[in-house]
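What follows is a single structure, written as structure tokens, with notes after it.
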Amino acid sequence: MKRTTLSLIFLFFATIGILAQTSTKLEAENANYVNCKLIQDSKYSGGKALEITEENAKITFTYNQSEKGKYIVYVGYDGLHGDKVVNLAVNGSNGTFTTKGRAETAVGTFFMNKGNNTIIITPGWTWFRIDYIRIEKDNSISLPFNISPAPVDPQATANAKKVYSFLYNNFGKKTISGMMTGDMSSANGNVTQHDDIKAVYEASGKYPALVGFDFMNTTGAYENADWTKSYTNNVIELAKDTYKRGGVPTFTWHWRDPSRSTGEFYSDQCNMKITNALKNDGTWNTSSSLYQYIIKDIDAIADHFLELQNAGVACIFRPLHESSGGWFWWGREGAEPFKKLYHLLYDEMVNVKGVHNVIWVWNAGEYDQDWNPGEAYYDVVSADIYNKSFDYSSNYVLFDKLKVLTGGKKILALSENGPIPDIDKEFDEEAVWSWWMPWYHTWNGKFVDQTSKEEWTKCMNDSRVVTLEDLSAGWEAYTGIQSPKVSKHTNLAIYDLQGHRLSEIPRKGMYIRGGRILINN
């Protein structure tokens with residue numbers, strides 16, 4: 001046996017011993033708790049657990065840490081009466097997990113401060129028991145990004161390649177400021193005069209570089225009404241103006257019931273089902289009226305993108321968003337029908353209609369791999385998260401989840417939010433989103449007001465935040481596509497408690513991540 005092999009085996013067992021010493025267990029019954037019932041049962045650690053049956057229940061742990069860093073938080077739980085969603089926050093940074101019988105789960109990796117840290121558990125759904133939490137230093141190397149320098153559409157227009165390159169080159173270095181638009185009565189073809197965009201300017205002294213638009217009035221039961229046509233026409237003109245000024249137009253589509261039986265898009269307000277347009281074998285029933293309506297709607301959207309394409313405009317498109325939440329009809333039946341619809345939409349737009357000016361975004365909702373339409377169908381994976389007013393969290397827990405979900409191969413964006421993330425926190429907590437986009441301020445949304453003027457001014461005037469003013473040279477002046485983003489490390493490494501590298505091992509071998517032994521082959 002070679003000495004290097006013996007060394008690796010010794011290092012492996014030595015590391016297991018180190019990991020065993022790094023774990024700190026805190027029993028739930030020793031935490032501060034309200035509206036919880038103390039259960040005594042020998043099957044639980046310490047013989048006790050806390051039962052949560054009330055919505056206002058809360059368990060608060062205090063954890064003293066000797067050094068600042070990343071730590072994995074595990075929870076030992078007992079699910080009662082089915083799977084339950086549980087909220088966990090570390091120093092205000094939020095995570096969730098779902099109970100699956102009685103088990104331990106890793107909720108996520110959180111930043112801990114030196115000194116006291118607060119971990120709070122509250123119910124998303126009630127009826128579960130918390131046995132303990134376990135905290136373990138994350139000695140693993142961060143998953144490297146390895147993002148393609150080209151968009152997924154091989155026939156992407158030159159301008160689409162520029163927009164993708166802009167996102168690619170800035171990712172991890174800068175965050176692009178954004179704002180969603182709602183009411184179109186103030187449009188007038190000038191995006192800087194739109195009320196939503198003006199609200200950002202009035203709060204910060206700068207205009208957002210990315211502007212969000214919605215095709216929600218383009219198709220469906222009201223598609224022929226004058227007001228819906230006017231709305232979409234204003235959207236298209238503002239998208240053109242945004243791009244002309246060097247900005248990035250991005251589109252969402254609240255797809256109204258294709259069957260036309262209602263004018264709604266929420267699952268509880270319409271009976272629309274994707275499976276009604278499928279045959280028993282799961283293929284599309286192309287002769288059905290519902291399938292033909294679906295194609296009609298997709299083509300209507302495609303025609304607007306083609307208008308933009310012919311005008312030299314490239315943009316971002318986030319279709320079928322928040323699918324796994326189930327509150328929109330395109331997600332109500334689960335992952336498989338959703339993926340069939342996503343693939344149909346992509347194929348019809350790109351391969352049939354010839355839309356090649358779009359950067360594609362997959363927006364899951366619950367960020368489950370089952371809902372991933374396939375990495376060949378999207379350039380960006382995005383999250384929608386609404387923190388409480390004046391909570392400027394970086395949302396790094398969700399950032400890390402999306403990174404792992406896509407294997408570090410995709411750009412990560414915050415496609416809907418309330419208050420903006422603090423730019424210092426984004427960098428300090430290693431969660432630099434490609435862009436963020438508060439929801440609209442008009443229609444009494446008032447989302448701009450969820451961020452203070454001081455925070456708006458601080459972030460929008462930081463050199464690490466891209467504003468429309470930074471892009472005044474326009475897209476004609478933008479050139480250059482950089483080489484792929486890959487890790488500079490050729491080997492994985494194992495670290496000791498102080499973060500010192502112990503030894504390197506080849507990529508095809510054993511390594512430790514989050515206290516687990518993994519084989520990379």
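Under 3.5 Å, the side chains of Tyr386 and Glu416 contain a donor-acceptor pair of N or O atoms.
Salt bridge status for Glu307 with Lys240: present, with a side-chain N to carboxylate O gap under 4.0 Å. In summary, Lys410 and Glu375 do not engage in a salt bridge, as defined by a charged side-chain N under 4.0 Å from a carboxylate O. Salt-bridge formation is detected for the pair Asp297/Arg260: a Lys NZ or Arg NE/NH1/NH2 atom is positioned less than 4.0 Å from an Asp or Glu carboxylate oxygen. Using a cut-off of 4.0 Å between Lys/Arg side-chain N and Asp/Glu carboxylate O, Asp384 and Arg318 are scored as salt-bridged. Look at Asp470 and Lys206 and you find no salt bridge, because none of the NZ, NE, NH1 or NH2 atoms lies under 4.0 Å from a carboxylate O. A salt bridge links Glu430 with Lys70: at least one charged nitrogen is closer than 4.0 Å to a carboxylate oxygen.
For Lys458, the salt bridge (Lys or Arg N to Asp or Glu O under 4.0 Å) partners two or more places apart in sequence, or in a different chain, are Asp422, Asp424.
A perpendicular orientation is assigned to the rings of Phe111 and Tyr396, their planes being inclined by more than 60° (bins at 30° and 60°).
You'll find the side chain of Leu278 stays beyond 4.5 Å of the side chain of Asn276, heavy atoms only. Annotation: side chain of Lys339 is not in contact with side chain of Trp371 (no heavy-atom distance under 4.5 Å).
Applying the ring pair (Phe, Tyr, Trp, His ring centres under 6.0 Å) test to every pair with at least one member in residues 269-288, sequence neighbours left out, gives these pairs: Trp284-Tyr291.
For the atom pair SG (Cys315) and CZ (Phe251), the distance works out to 5.5 Å, reported to the nearest 0.5 Å.
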What donor-acceptor contacts under 3.5 angstrom involve side-chain atoms of residues 209-216, with partners at least two apart or in another chain?
{"residue": "Asp214", "atom": "OD1", "partner": "Met216", "partner atom": "N", "Å": "2.9"}
{"residue": "Asp214", "atom": "OD1", "partner": "His254", "partner atom": "N", "Å": "3.2"}
{"residue": "Asp214", "atom": "OD2", "partner": "His254", "partner atom": "ND1", "Å": "2.6"}

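Each of Asn94, Val397, Asp400 was checked for a side chain to side chain contact (heavy atoms under 4.5 Å, CB included) with Phe110, and the lone residue meeting it is Val397.
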